[in-house]
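Reading through the structure tokens given below for one structure.
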Amino acid sequence: MITFHVPEMSCGHCTAKIETSVQAADPTALLIFDLDSRQVEIDSADESDALLAAIKSAGFEANLL
């Protein structure tokens with residue numbers, strides 16, 4: 001699992017956008033969101049750089065934890 005902090009992620013619409021973008025890159029990716037801490041854990045075969053790019057393409061800045 002790779003964990004990212006996504007400061008602007010605050011609602012279900014945000015998580016849906018991120019999930020759609022990440023799963024477009026890796027359809028088998030599993031995402032677990034924690035809105036309180038604004039973190040997303042991603043289980044994927046993709047590298048962290050590719051996952052970060054997918055989050056950014058959804059319109060969010062993120063930091064690898």
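Side chains are part of it too, since the values below use all heavy atoms of this structure and drop only hydrogens, waters and symmetry mates.
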Are the side chain of Thr20 and the backbone N or O of Ala16 linked by a donor-acceptor pair below 3.5 Å? yes
Strictly distance-based, threshold 3.5 Å: is any side-chain N or O of Arg38 a donor or acceptor partner for the main-chain N or O of Pro7? yes
Compare every heavy atom of [Y] with every heavy atom of [X], then report the nearest pair and how far apart it is.
{"X": "Ala54", "Y": "Ser21", "value": "O-OG, 2.5 Å"}
{"X": "Cys11", "Y": "Leu35", "value": "N-CD2, 3.8 Å"}
{"X": "Met9", "Y": "Phe33", "value": "SD-CD2, 3.6 Å"}
{"X": "Ile42", "Y": "Ala29", "value": "CG2-CB, 4.4 Å"}

Checking side-chain contact (heavy atoms from CB on, under 4.5 Å) against Leu51, which of Val40, Val22, Leu64 comes through? Val22
Do [X] and [Y] have side chains that get closer than 4.5 Å, going by heavy atoms?
{"X": "Ile55", "Y": "Phe4", "value": "yes"}
{"X": "Ile18", "Y": "Phe60", "value": "yes"}
{"X": "Gln39", "Y": "Val6", "value": "no"}
{"X": "Glu41", "Y": "Ile2", "value": "no"}
{"X": "Glu8", "Y": "Glu61", "value": "no"}

What distance separates Glu47 CD from Leu52 CG, expressed to the nearest 0.5 Å?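 Reported to 0.5 Å precision, the distance equals 12.5 Å.
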OG on Ser37 to CG on Leu65, rounded to 0.5 Å: 8.5 Å
Taking side-chain hydrogen bond (donor to acceptor under 3.5 Å, both in side chains) as the definition, give me every residue that meets it alongside Ser44, ordered by chain and number, with sequence neighbours left out.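 Here the qualifying residues are Asp26.
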